[in-house]
2 protein chains.
Amino acid sequence: MANIRDVAKEAGVSVASVSRYLNKKGYISEDTKLKIRKAIDKLEYIPNQVARSLTTKQTNFIGLIVPDITNPFFPELARAVEDIALSYGYTVVLCNSDEKSEKEIHYIDTLKQKYVAGFIVTTNQLRASHYEDLNVPLVALDRMIHESIPTVSSNNVDGACMGTNHLLDSGCEKIVFMRGPKGLGPADDRLAGFLKAVEGKNVQTHIVESPFHFGESEKIAKKFLTEIEGVDGIFASTDVSAAGALKAAHSLGISVPDQLQIMGFDGISLGGMLTPGLTTVAQDIYKMGALATRILIKIIEEIELDERVIQVPVELVERGTTRSVHR
Amino acid sequence: MANIRDVAKEAGVSVASVSRYLNKKGYISEDTKLKIRKAIDKLEYIPNQVARSLTTKQTNFIGLIVPDITNPFFPELARAVEDIALSYGYTVVLCNSDEKSEKEIHYIDTLKQKYVAGFIVTTNQLRASHYEDLNVPLVALDRMIHESIPTVSSNNVDGACMGTNHLLDSGCEKIVFMRGPKGLGPADDRLAGFLKAVEGKNVQTHIVESPFHFGESEKIAKKFLTEIEGVDGIFASTDVSAAGALKAAHSLGISVPDQLQIMGFDGISLGGMLTPGLTTVAQDIYKMGALATRILIKIIEEIELDERVIQVPVELVERGTTRSVHR
DNA sequence: ATGAAAGCGCTAACAC
DNA sequence: GTGTTAGCGCTTTCAT
């Protein structure tokens with residue numbers, strides 16, 4: 001493996017020139033450029049990133065922290081992040097925090113020590129102060145951590161409104177809203193949107209808390225579907241929860257969408273795999289990931305940001321768990 | 001941020017002693033150990049991994065290469081790998097090759113350059129020679145790359161046999177086997193198991209090729225379900241494919257399991273989310289990931305391996321897409 | 001425009 | 001046992 005010194009020798013120039021050439025910094029004559037290029041080709045030289053990092057205190061790694069890799073929403077997001085990162089020459093390190101703050105801290109510490117270029121964080125187990133002290137480029141994705149940190153998320157309030165209205169338009173009169181964990185940004189916002197949409201309307205509503213987890217959601221849905229009489233609509237804060245609710249309905253012999261309509265939120269591909277297909281408020285997952293990554297890279301490369309907080313619009317995807325409004 | 005020199009000075013010893021202490025190499029007296037420990041505590045010293053890597057040419061990163069992060073099988077595998085890796089002090093870099101050999105090469109090159117400790121590869125876009133030249137610890141997971149490379153996989157042949165027999169026992173007389181991509185180890189093995197199981201039995205069989213992708217599988221299943229008369233059983237090589245087949249059946253108004261029984265292979269949690277629940281040949285995904293990681297770490301740390309090729313047993317999980325044998 | 005040389009923080013020979 | 005010191009491969013002042 002050739003190193004920069006070999007290249008310099010081969011080209012008959014100094015290592016400093018080679019370094020300048022590599023980093024496109026400072027002036028070098030066309031002539032030496034050519035010589036260096038030739039030497040690099042000949043020796044098949046590849047710069048050693050580790051050595052470089054030691055001086056620059058930076059790598060081209062981007063840390064992506066997700067709370068639950070087995071929730072399909074996050075792999076879909078990760079894919080987008082990875083795509084964009086790759087196209088800019090960055091490599092993403094996917095870290096699954098399992099919703100545990102120790103793991104999150106561990107990853108942040110480890111990666112920071114390794115001079116990661118920045119983080120994209122889709123979780124918020126930690127207090128905002130923890131991130132603020134970080135002193136490494138950071139963008140929050142899906143969930144806002146703190147106003148001072150650039151954030152890309154969906155318009156959760158509007159999305160939840162939209163979903164609720166669709167349920168209302170389809171004739172629901174007794175809706176259970178399965179809210180996500182308290183204190184979780186998107187979960188709170190979706191609840192807010194729901195409440196806003198039902199306010200003053202002629203509907204009975206119940207709010208039930210449920211984690212973003214299939215099995216739990218199924219259990220919880222089964223419970224309230226048996227305990228509460230006449231529920232004809234469920235709005236779950238997440239597609240995974242909606243899937244649980246759908247499963248619960250099936251196992252109770254409740255027919256969807258005839259007796260019960262179900263609305264999800266996320267737009268993950270799981271929704272299309274279920275039967276009936278899940279009607280959902282779809283986020284533009286790819287766009288969210290892509291946007292967050294572009295923003296992070298701008299911060300890393302010290303390019304001015306146009307906006308620090310971006311809300312990506314959502315879209316209603318009608319499938320089989322709701323009755324068509326148009327008939 | 002204190003460095004090793006600061007610690008040495010604070011403790012009144014040389015940097016070499018501190019280094020020895022850190023790496024538990026060579027002898028140092030209890031006395032200096034104590035002094036060093038104190039200095040480290042006082043200065044809150046954390047060794048710089050990058051500097052360390054520059055000399056040792058090794059990091060504690062493990063590269064995990066998966067072909068498709070949106071296929072839930074791989075996140076579930078990744079979770080296991082990550083768990084174990086973390087417990088041994090390694091950090092996993094999850095790379096999604098998207099089944100493209102360029103991306104796979106890119107990741108391997110990039111990470112190798114960064115002195116990754118080793119790779120766990122669950123894909124095989126590249127020729128075996130590519131991996132052999134790698135000269136970095138490597139284990140193949142789920143798919144065998146080459147006999148010379150330690151491998152952890154499921155017993156795909158037996159699993160497929162088991163699944164087929166269950167279909168046969170449940171009364172299937174005309175089975176379509178949806179085989180995975182040709183040349184893909186597990187796909188070929190599962191087909192082999194199927195063929196072995198049906199051999200000499202009184203069944204009609206059709207082999208259809210389908211990628212491990214929901215949408216494609218659905219389309220393909222729809223096609224053969226309309227074209228081939230009287231199919232009463234489908235064995236899909238993957239749960240995701242099975243999910244596609246189930247969806248196809250539903251949309252054609254074919255009732256499962258009464259008219260058509262479906263068997264999957266993988267045991268991912270998606271199977272339980274569907275209605276009816278997917279009967280499947282379940283791999284012990286967590287165990288596979290854990291085993292592969294332990295083996296890789298042994299190779300990295302130059303600990304003797306007991307076995308180089310491990311087949312993890314599979315298990316039949318009966319859910320609703322097949323009729324119970326026991327009635 | 002180009003080169004010499006001093007680091008970056010650590011490891012590992014080698015000497016004592 | 002412990003210390004000195006020469007790298008690891010690169011970047012970056014500072015001269016020239």
Side-chain angles (χ1 to χ4, degrees), chain A residues 1-40 43-61 89 109-117 301-302, chain B residues 1-40 43-61 89 109-110 112-117 301:
Chain A
M1 211 68 184
N3 65 28
I4 197 171
R5 230 169 347 246
D6 300 331
V7 175
K9 199 184 292 174
E10 173 73 28
V13 301
S14 74
V15 292
S17 294
V18 179
S19 175
R20 274 190 284 265
Y21 171 84
L22 258 22
N23 299 295
K24 306 181 195 323
K25 271 186 188 169
Y27 290 101
I28 29 180
S29 68
E30 283 305 319
D31 184 46
T32 60
K33 258 188 205 167
L34 190 72
K35 284 191 284 187
I36 293 172
R37 200 168 359 226
K38 267 188 188 162
I40 289 180
L43 301 176
E44 295 185 335
Y45 168 71
I46 297 166
N48 181 320
Q49 298 295 335
V50 175
R52 173 175 283 178
S53 305
L54 186 57
T55 18
T56 60
K57 306 215 175 305
Q58 194 168 107
T59 61
N60 52 193
F61 275 129
D109 287 350
T110 310
L111 292 184
K112 200 188 154 181
Q113 242 182 75
K114 303 228 179 188
Y115 300 140
V116 270
E301 301 182 349
E302 299 185 319
Chain B
M1 210 66 178
N3 66 25
I4 197 170
R5 232 167 346 246
D6 299 331
V7 175
K9 197 183 294 174
E10 173 73 27
V13 301
S14 73
V15 292
S17 293
V18 180
S19 175
R20 274 190 284 264
Y21 171 83
L22 257 23
N23 300 293
K24 305 181 197 320
K25 272 183 187 170
Y27 290 100
I28 28 180
S29 68
E30 283 305 317
D31 183 47
T32 61
K33 258 187 205 167
L34 190 73
K35 285 191 284 187
I36 293 173
R37 198 167 1 222
K38 266 188 187 163
I40 289 180
L43 301 176
E44 295 186 339
Y45 167 70
I46 297 166
N48 181 318
Q49 297 296 334
V50 176
R52 173 175 282 178
S53 306
L54 186 58
T55 16
T56 60
K57 305 209 174 309
Q58 195 170 108
T59 60
N60 52 193
F61 276 129
D109 287 352
T110 310
K112 199 186 154 180
Q113 243 183 74
K114 304 228 178 189
Y115 301 139
V116 268
E301 300 183 349

Counting only N and O atoms by type, is there a donor-acceptor contact under 3.5 Å from the side chain of [X] to the main-chain atoms of [Y]?
X	Y	value
B:N48	B:V50	yes
A:T59	A:Y115	yes
B:N23	B:S19	yes

Next item on the list: Specify the residues of residues 48-59 of chain A, ordered by number, for which at least one heavy atom lies under 4.0 angstrom from an atom of DNA chain C.
Entry: A:L54, A:T55, A:K57

Check: Just how large is the angle between the end axes of the helix from C:dA1-D:dT16 to C:dC16-D:dG1, five pairs per end, to 10 degrees?
Finding: 40°

How close or far is atom [atom2] of [N] from atom [atom1] of [X], stated in whole angstroms?
X	N	atom1	atom2	value
B:K114	D:dC10	NZ	P	14 Å
B:I36	D:dG1	CD1	P	14 Å
B:K35	D:dT2	NZ	C1'	10 Å

Of all heavy-atom pairs between [X] and [Y], which one has the smallest distance, and what is that distance?
X	Y	answer
B:A8	B:S14	CB-C, 3.7 Å
B:I4	B:V15	CD1-O, 3.8 Å
B:S17	B:I36	O-CD1, 3.8 Å
A:N60	A:Q49	OD1-OE1, 4.5 Å
A:M1	A:D6	O-OD2, 4.4 Å

Notebook entry, point to check: Between C:dC10 and B:Y45, is there an OP1 or OP2 to side-chain N/O distance shorter than 4.0 Å?
Noted result: yes

Note to self: Using OP1 and OP2 only, check whether a side-chain N or O of A:K25 sits under 4.0 Å from D:dT11.
What the structure shows: no

Next item on the list: For DNA chain D, determine which residues of residues 3-11 of chain A have any heavy atom closer than 4.0 angstrom to one of its atoms, and list them numerically.
Entry: A:N3, A:I4, A:R5

Item checked: Footprint string (nucleotides 1-6 of chain C, 5' to 3'): B base within contact, S backbone only, - free, heavy atoms under 4.0 Å -> SBBBB-

Checklist line | More than 12 heavy atoms from other groups under 6.0 Å of NZ on B:K112 | finding: yes

Notebook entry, point to check: Which is true for A:Y115 with a 4.0 Å heavy-atom rule: it touches a base, it touches only sugar-phosphate, or it touches nothing?
Noted result: nothing

Check: Going by atom types only, do A:Y45 and A:N3 share a side-chain donor-acceptor pair under 3.5 Å?
Finding: no

Next item on the list: Apply salt bridge (charged side-chain N to carboxylate O under 4.0 Å, His left out) to A:K114 and list each qualifying residue two or more places apart in sequence or on a separate chain.
Entry: none

Checklist line | Partner residues of B:Q58 under the side chain to side chain donor-acceptor pair (under 3.5 Å) criterion, sequence neighbours left out | finding: none

Notebook entry, point to check: Please walk me through it: do B:R52 and B:L22 pass side chain to side chain contact (heavy atoms under 4.5 Å, CB included)?
Noted result: CA-CA 11 Å; B:R52 173 175 282 178; B:L22 257 23; 4.1 Å; yes

